[in-house]
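Have a look at the structure below, then the notes.
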Amino acid sequence: MPTPVGQIPATSESILRSSDGSNEDEHRIAVSEGYTREEHAHMLATKWLSAGQLNQLARSQGALTILSCLVYKKGKFSVIEEQQLGSAIEQYRLSKSLSEDQMYEVIFPKDEKGKDTAFWSEITAAVPQRPIIAVYHHVRRSRHPVKQQGKWTPAEDLILRQAVANHGQSWEKVCLEVGRRGMDCRDRYRNHIQNRELRVNGQWSKEEEEELTKIVTDLTLKQGRDADNDVFWGVVSQRMCGKRSRQQCRIKWTDCLNPSTKNAGQKPRWGNQDSYILVHKLDSLQIFDDSEIDWKTIPDPQWNLWSPHILQRRWLTMKRGVKGHEFMTHQAEIMEILKAKKVNAPVTGGTRKRVGRKVTSANAIAETETQSDMPVAGPSTSSKK
DNA sequence: CTGTAAGGTAAGGGTAATGTCTTGCT
DNA sequence: CAGCAAGACATTACCCTTACCTTACA
């Protein structure tokens with residue numbers, strides 16, 4: 001019943017240590033502090049806390065010693081949360097006996113008149129760990145009347161260009177002319193229309209890769225920041241003179257260049273041990289649905305070669321390997337995969353699949369260290385400090 | 001009158017889904 | 001060696017958070 005929040009996956013280390021994979025809960029950090037939970041939920045649902053305020057509350061011990069740190073949830077809304085919100089909204093509608101149209105007015109008030117200030121607080125209560133502002137944005141986005149989505153046609157692009165020329169970056173006005181949501185227009189514009197003449201597509205050249213690496217390290221490590229997280233991709237794209245978009249730069253770095261850099265310039269290979277770690281980590285989360293996974297939290301200091309993005313894709317690939325996974329629950333999928341031989345054997349004893357061709361990240365380390373039968377700790381000994 | 005909180009809009013930051021070409025098994 | 005699944009890599013739609021305002025009102 002309680003939505004699992006702030007779940008912390010088991011560390012790669014603890015997974016590898018316990019050979020049978022059924023390691024104990026040392027890692028299962030309790031969210032608990034039960035008696036302040038209510039107060040937190042109430043605060044999240046009633047106060048429109050800004051980003052800074054939320055951060056501070058989560059960090060500090062709370063001014064009134066009774067309060068432990070505030071715990072609140074970020075990231076994509078899971079399907080469960082979406083359901084909870086949906087029924088909360090429906091409940092609200094029925095309790096006020098409103099029509100669908102009137103309900104719409106509550107979410108998108110035309111004037112100050114019909115405003116019901118209690119509405120947002122009420123539905124936020126249905127997702128206890130979410131700040132009201134997050135619910136506000138999510139609901140307004142997901143119930144937006146303009147439904148046009150999917151691929152952009154050249155004609156639309158043209159209208160968009162025209163509209164931006166007329167109105168500048170006033171996306172709400174642009175929205176009316178293009179017939180797409182304002183923010184979607186913004187996305188299309190900044191990611192594909194702006195600097196289109198300069199844009200380069202296709203394979204990255206060696207020089208480009210070096211250029212990007214240099215820019216990113218200059219912008220992060222050289223300034224004492226973290227190259228895994230603190231990168232400003234808009235700036236990076238600019239420094240690449242607009243040749244590559246922020247999305248291109250980001251993906252190239254996190255999925256390709258960054259792992260190589262960490263692995264002493266060598267492209268790491270995904271190995272059985274990596275699969276093993278991943279599945280057990282996901283298992284340790286004890287969740288019901290994939291959408292509850294916060295991929296950012298899956299890597300750990302001992303096992304950080306792979307970007308959250310890559311891990312997510314790996315998981316999908318593994319799932320697809322399971323017959324009938326579409327009809328399984330999350331737990332069943334996990335168990336199914338756990339049963340599979342290759343995942344259960346962290347040290348690739350008799351696997352015939354691609355052994356020793358290019359180095360597998362995990363195996364590479366396994367060989368350099370002792371020849372014990374025990375699984376060895378994380379692949380990324382060469383990670384930065 | 002005025003300081004503060006609600007709430008609307010844009011900028012900033014990130015992920016998920018999909019396409020295409022290559023690699024490597026059986 | 002064909003046929004096919006998986007991998008590598010690229011593209012783009014889509015989503016969430018934070019910043020910055022305007023406005024209402026205690």
Side-chain angles (χ1 to χ4, degrees), chain A residues 46-55 72-78 81-82 107-113 115-121 130-142 144 148-152 156-157 167-175 180-193 199-204 209 228-237 244-257 259-260 267-270 290-291 293-296 307-318 320-321 352-355 357-358:
Chain A
T46 52
K47 297 274 178 229
W48 291 70
L49 298 167
S50 73
Q53 290 169 308
L54 279 168
N55 235 310
Y72 70 100
K73 195 165 177 225
K74 295 176 89 163
K76 209 164 151 53
F77 280 67
S78 70
E81 288 177 306
E82 181 52 46
I107 300 176
F108 300 94
K110 275 207 207 59
D111 47 32
E112 295 307 316
K113 266 250 156 41
K115 256 185 193 168
D116 181 350
T117 48
F119 171 69
W120 296 109
S121 293
R130 294 282 185 178
I132 194 168
I133 189 77
V135 172
Y136 172 83
H137 284 305
H138 174 80
V139 170
R140 299 244 314 179
R141 179 185 168 83
S142 58
H144 195 99
Q148 180 57 37
Q149 284 185 304
K151 273 219 170 296
W152 283 71
E156 281 180 311
D157 279 345
H167 301 115
Q169 329 254 91
S170 303
W171 303 112
E172 286 310 303
K173 288 180 196 157
V174 172
C175 160
R180 296 250 191 176
R181 300 198 287 240
M183 285 300 96
D184 292 349
C185 294
R186 192 276 311 247
D187 283 342
R188 181 70 191 173
Y189 189 77
R190 72 173 169 170
N191 289 331
H192 303 289
I193 305 291
R199 191 63 28 91
V200 178
N201 284 318
Q203 203 81 340
W204 287 63
E209 291 187 353
D228 284 340
N229 301 307
D230 294 345
V231 189
F232 303 139
W233 296 108
V235 179
V236 172
S237 173
R244 299 284 183 169
S245 74
R246 67 187 191 101
Q247 285 177 305
Q248 288 173 303
C249 292
R250 180 169 195 284
I251 299 251
K252 189 68 193 176
W253 174 253
T254 54
D255 289 1
C256 177
L257 264 28
S260 299
K267 205 151 281 187
R269 300 276 296 190
W270 181 264
D290 280 7
S291 62
I293 301 169
D294 181 357
W295 290 99
K296 262 203 296 296
S307 72
H309 185 204
I310 286 185
L311 293 178
Q312 194 259 341
R313 278 192 332 228
R314 285 289 168 184
W315 170 239
L316 239 59
T317 312
M318 280 196 255
R320 277 201 265 265
R352 46 251 141 80
K353 299 195 170 185
R354 63 173 68 87
V355 174
R357 294 225 4 96
K358 297 173 200 166

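So you know, we letter chains A, B, ... as the sequences are listed, proteins then strands, and number each from 1.
Here the side chain of Lys252(A) is nearest to one of dC9(C), dC16(C), dG13(B), namely dC9(C). Comparing dC14(C), dT17(C), dT12(C) against the side chain of Lys74(A) picks out dT17(C) as the nearest. You'll find that the side chain of Asn201(A) is closest to dT11(C), out of dT11(C), dC14(C), dT17(C). The side chain of Gln203(A) lies closest to dA10(C) when the candidates are dG13(B), dA10(C), dT11(C). For Arg250(A), the side-chain atoms get nearest to dT15(B) when compared with the rest of dT15(B), dC14(C), dT9(B). In the set dT17(C), dC14(C), dA11(B), dA11(B) carries the atom at the smallest distance from any side-chain atom of Trp171(A). The side chain of Arg244(A) lies closest to dT11(C) when the candidates are dT17(C), dT11(C), dT12(C). Comparing atom distances between the Arg141(A) side chain and each of dT18(C), dG7(B), dC16(C) picks out dC16(C) as nearest. Candidate nucleotides dA10(C), dA8(C), dG8(B) were compared by shortest atom distance to the side chain of Arg314(A), and dA8(C) ranks first.
Within the 4.0 Å cut-off from OP1 or OP2 of dA10(C), not a single side-chain nitrogen or oxygen of Gln248(A) is found. The phosphate of dA10(B) (OP1 or OP2) has no side-chain N or O of Arg190(A) nearer than 4.0 angstrom. Here Trp48(A) reaches the OP1 or OP2 of dG7(B): one of its side-chain N or O atoms lies under 4.0 Å away. Note on His137(A): every side-chain N or O is 4.0 Å or more away from OP1 and OP2 of dC16(C).
Taking only distance into account, the side chain of Arg246(A) meets the base of dG13(B) through a donor-acceptor pair shorter than 3.5 Å. With hydrogens and angles left out, the side chain of Arg186(A) and the base of dA11(B) share a donor-acceptor pair within 3.5 Å. A donor-acceptor contact under 3.5 Å links the side chain of Asp187(A) to the base of dC15(C). Between the side chain of His192(A) and the base of dT11(C), no donor-acceptor pair under 3.5 Å is found.
If you find the closest nucleotide of DNA chain B to Gly234(A) and to Lys47(A), the one lying nearer the 5' end belongs to Lys47(A). In terms of position along DNA chain B, the nucleotide closest to Gln169(A) lies nearer the 5' end than the nucleotide closest to the other residue of the pair Gln169(A) and Lys76(A).
Residue contacts for Asn191(A): at a heavy-atom cut-off of 4.0 Å it reaches a base atom on one of the strands shown. Residue Tyr136(A) is classed as a base contact, given a heavy-atom separation below 4.0 Å to a base. Arg199(A) comes within contact range of no nucleotide atom at all, as no heavy-atom separation falls under 4.0 Å. At a threshold of 4.0 angstrom between heavy atoms, the contacts of Ser50(A) with the nucleic acid are absent. Among the atoms of the strands shown, none is found under 4.0 Å from any heavy atom of Gly182(A). Backbone-only engagement by Thr46(A) is indicated by non-hydrogen atom pairs under 4.0 Å involving sugar-phosphate atoms exclusively. Arg140(A) comes within 4.0 angstrom of the backbone, heavy atoms only, and of no base.
We find that CD of Glu82(A) is positioned 16 Å from P of dA16(B), with the value rounded to whole Å. Nucleotide dT18(C) holds its P atom 7 Å from the CG atom of Leu54(A), rounded to whole Å. Nucleotide dC15(C) holds its P atom 14 Å from the CZ atom of Arg130(A), rounded to whole Å. Note: CH2 (Trp315(A)) to C1' (dA6(C)) measures 17 Å, nearest angstrom. Rounded to a whole Å, the CH2 atom of Trp152(A) is 14 Å from the P atom of dT12(C). The CD1-C1' distance, from Ile310(A) to dA16(B), rounds to 14 Å in whole Å. Atom C1' of nucleotide dT9(B) and atom NE2 of His138(A) are separated by 19 Å, given to the nearest angstrom. Nucleotide dT15(B) holds its C1' atom 11 Å from the CG atom of Asp255(A), rounded to whole Å.
Ring pair Tyr136(A)/Trp48(A) is perpendicular by interplanar angle, where above 60° counts as perpendicular and below 30° as parallel.
Between Val174(A) and Arg180(A), the closest side-chain pair of non-hydrogen atoms is not below 4.5 Å. Taking 4.5 Å as the limit, every side-chain heavy atom of Ile132(A) sits out of range of all side-chain heavy atoms of Lys47(A). The shortest distance between side-chain heavy atoms of Trp204(A) and Arg244(A) falls below 4.5 Å. Residues Glu82(A) and His138(A) form a side-chain contact, since some pair of their non-hydrogen atoms from C-beta on lies under 4.5 Å apart. Put simply, the side chain of Leu49(A) does not reach to within 4.5 Å of the side chain of Ile133(A), judged on heavy atoms.
Annotation: side chain to side chain donor-acceptor pair (under 3.5 Å) contacts of Lys252(A) (sequence neighbours excluded): Glu209(A).
Not a single donor-acceptor pair under 3.5 Å links the side chain of Arg246(A) to the backbone N or O of Val236(A).
Rounded to 10°, the helix from dT2(B)-dA26(C) to dT26(B)-dA2(C) has 30° between the axis fitted to its first five pairs and the one fitted to its last five.
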**Message:** I'd like to know whether Glu81(A) forms a salt bridge (Lys or Arg N to Asp or Glu O under 4.0 Å) with Lys73(A), so could you lay out the CA-CA distance, the side-chain angles of the two residues, the decisive distance to 0.1 Å, and finally the verdict.
**Reply:** CA-CA 11 Å; Glu81(A) 288 177 306; Lys73(A) 195 165 177 225; 3.2 Å; yes
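The distance from the CH2 atom of Trp233(A) to the OG1 atom of Thr254(A) is 6.5 Å, given to the nearest 0.5 Å.
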